[in-house]
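These notes concern the structure reproduced below.
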Amino acid sequence: MRLYLINPSNPLVSIVKVKESRWNRYRVWKPLSLMVLAGLTHPKWEITIVDENLGVPDYSGMARPDLVGITAFTSQANRAYEVADHFRRLGVPTVMGGIHATMCLDEVMERVDSVVTGEAEGIWPQVLEDARQGRLKRRYDGGLAEINEVPPARHDLTASGYACGAIQTTRGCPLNCSFCSVTSFNGARYRQRPIADVVREFQSIREKHVLVVDDNLIGTRPKHIARAKDLFRAMALANLGKEWIAQVTINFADDEELLVWAAKAGCRGVFIGFESPTPEGLLEIGKKFNLLKGRDFRASVRRIQRHGILVVGSFIIGLDIDEPGIGKRIAEVASQYGVDNLNTLFLTPLPGTRLWDQMKSEDRIALNVLPEDWKYYTLTYPVARYKHLSLDGIIQEMISCDRRFYSMPRILRRVWGNFWQRRKPLITLVGSLSYRSNLRLYRRAYADFKCQRGDRHD
Ligand code: B12
Ligand code: SF4
């Protein structure tokens, strides 16, 4: 039995033109969901993982599969449907799963033969067995999986050409920020894989650099932090020789022992959602966590950096309290916090989030011709109507934010600072320059977006 597992091309990656620059390799990430599915698949299936972001293959020249499994984030949905359509025309059954299939079940059911909602661990073997016997059901639900005993992801099955491997050690997030789908998809309970399994799986990753995809690698409670320390200790003692980056909350900075072991285990960078420069903004999106203990963000960032760990800060433009000048304000605040790189995104109502429900009820979703418009749901386009910012206004805020933070004098100041603190100045320089060069592409993309979809914001 032949199984194709397909990650449809991602509009964001095509904007940055992966093949045009060596550094853009750092923008294509392994489709871990498909590697996990492959790990759950019985050996009698011959599996091919296709990541269209590395190049779309000529499917008609490939051997006919018995089943096609497709994953998709919302922004990939349209391409996912094209792929499904191609195989359905050949009479090959198609099954789609992942976040978009779960959040937009009815839409997806119309376009594929079978849909798997939720996490696949508990249900995928049954889907495969049903497919083998030619009695695939229209819908399966995996719910929330127990991740105590899952087989490791198949790291051997992905093509070369990625800069980083990928691994997951926990699922779920209790914080439930209004714009984020993680709590509604993976639940509020913070589930952790056994440390020995994680270390073993790390050892099977061939790349030296690894993305730990957890939404929050260290969690929020003391017992979560204790587990993170145990994990880092075990990784350090196993001498993995890996360098990795991860997403964490700002409480990462609060425990010196945690930071020491993270660095020893190979942590080289963390991505932290600061989201808004004001307490009012944090309250609006429900991220009160960042306000706890009267947090001094600059001191927190410094404490992390002192361990040789780079900090990428993420902010959102377009909250109801955001007014003209927010772009400049974010750039200033991010510089003041001392982050090494800044990633600012447009507030985007993703299906299944509290923000989606709110904006829909207020008729503020501007790009609502679906599924066609999903391709703009990359958080890099303003797809909604924002309270105090027009379409032109919010785009100008984004441009002014990026221009300010990534101006040459500021980049050089950060690189110089990193040089003196012995914190990988080259990575900061390359990251900043790559971001700066992409700004031109984004500006062109905004212009096209305004021509094609600008009237929707009126
Ligand atoms: C790693 C990651 C990335 C990587 C992508 C890696 C990749 N190629 O897959 C990078 C950094 C590139 C990225 C980018 C983006 N991401 Co992202 N990302 C994640 C993150 C943190 C982890 C994903 C992951 O690997 N999980 C581990 C695997 C094992 O879990 P899984 O993907 O859910 O798969 C399980 C099930 O869903 C199911 N399943 C999945 N696919 C299939 C297919 C079949 C056939 C079946 C049966 C089952 C099945 O089975 C799996 C095992 O249980 C998630 C958050 C999250 N917790 O999922 C956000 C998340 C997926 N990203 C999100 C977003 C919005 C984006 C961006 C659009 C935004 C941005 N500017 O960053 C971009 C663009 C991506 C795009 N393709 O267009 C949103 C997606 C929401 C949505 N409705 O689409 C999420 C949920 C985060 C959030 N804040 O809400 N992301
Ligand atoms: S944004 Fe981060 S902290 Fe907030 S719910 Fe999502 S994963 Fe959790």
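Atoms within a ligand are numbered from 1 in the order they appear, just like the ligands themselves. Not measured: the values here are computed from a predicted model.
The closest approach between a heavy atom of F185 and any atom of ligand 1 is below 4.0 Å. Distances from ligand 1 to the non-hydrogen atoms of K30 include at least one value under 4.0 Å. Close to ligand 1: G118, with a non-hydrogen atom less than 4.0 angstrom away. Heavy-atom distances between T380 and ligand 1 stay at or above 4.0 Å for every pair. Under a 4.0 angstrom heavy-atom cut-off, H100 registers as lying outside contact with ligand 1. For P31, the closest heavy-atom approach to ligand 1 falls below 4.0 Å.
You'll find the ring centres of Y59 and F87 inside the 6.0 Å limit. Centroid-to-centroid, the aromatic rings of Y4 and W45 stay 6.0 Å apart or farther.
Residue S33 holds the heavy atom nearest to atom 32 (O) of ligand 1 of all those in S33, A120, A166. The heavy atom nearest to atom 54 (C) of ligand 1, considering only V213, T378, D215, L32, is found in D215. Distances from atom 43 (C) of ligand 1 to the heavy atoms of I70, N186, V150 show the closest one on I70. When L5, T94, L350 are ranked by how near their heavy atoms come to atom 79 (C) of ligand 1, first place goes to L350. For atom 29 (C) of ligand 1, the nearest non-hydrogen atom from the set M103, E119, Q168 belongs to Q168. Closest heavy-atom approach to atom 3 (C) of ligand 1 among the candidates F73, F271, Y162, W29: F73.
The proximity of F179 to ligand 1, defined as any non-hydrogen pair under 4.0 Å, does not occur for either the backbone or the side chain.
At a 3.5 angstrom cut-off on N or O pairs, Q247 does not count as close to ligand 1. In terms of polar-atom proximity, S75 is counted as a contact of ligand 1, with an N or O under 3.5 Å from an N or O of the ligand. Taking any N or O of T74, backbone or side chain, at least one lies under 3.5 Å from an N or O belonging to ligand 1. Considering backbone and side-chain N/O of Y377, none are found under 3.5 Å from N/O of ligand 1.
Nearest protein heavy-atom neighbour of atom 2 (Fe) of ligand 2: K287 NZ, 4.1 Å.
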Can you list, pair by pair, the side-chain donor-acceptor contacts under 3.5 Å of residues 265-273, counting residues two or more places apart and other chains?
| residue | atom | partner | partner atom | Å |
| --- | --- | --- | --- | --- |
| R268 | NH1 | A263 | O | 3.2 |

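The residue from N290, D254, N251 that alone fulfils the side-chain hydrogen bond (donor to acceptor under 3.5 Å, both in side chains) condition with R295 is D254. Looking at F449, F346, Y442 one by one, the single match for ring pair (Phe, Tyr, Trp, His ring centres under 6.0 Å) with Y381 turns out to be F449.
At a cut-off of 2.8 Å, measuring from atom 6 (Fe) of ligand 2, the protein N, O or S atoms that fall short of it are C180 SG, waters left aside.
Remark: ligand 1 atoms within the under-4.0 Å shell around heavy atoms of V116 are 47 (C). Listed by atom number, the atoms of ligand 1 under 4.0 Å from E121 heavy atoms are 52 (C), 53 (O).
No donor-acceptor contact under 3.5 angstrom links the side chains of S400 and R329, judged on distance only. The closest side-chain donor-acceptor pair between N53 and N10, if any, does not fall under 3.5 angstrom. Side-chain contact annotation: N343 with S314, donor-acceptor N/O pair under 3.5 Å absent.
Within the structure, salt bridge (Lys or Arg N to Asp or Glu O under 4.0 Å) contacts touching residues 156-169 (residues at least two apart or in different chains) are R154-D156. Each side-chain hydrogen bond (donor to acceptor under 3.5 Å, both in side chains) pair with one or both residues in residues 97-108, not counting sequence neighbours, appears once here: T74-H100, Y81-H100, Y81-E107, H100-E107, E107-W374.
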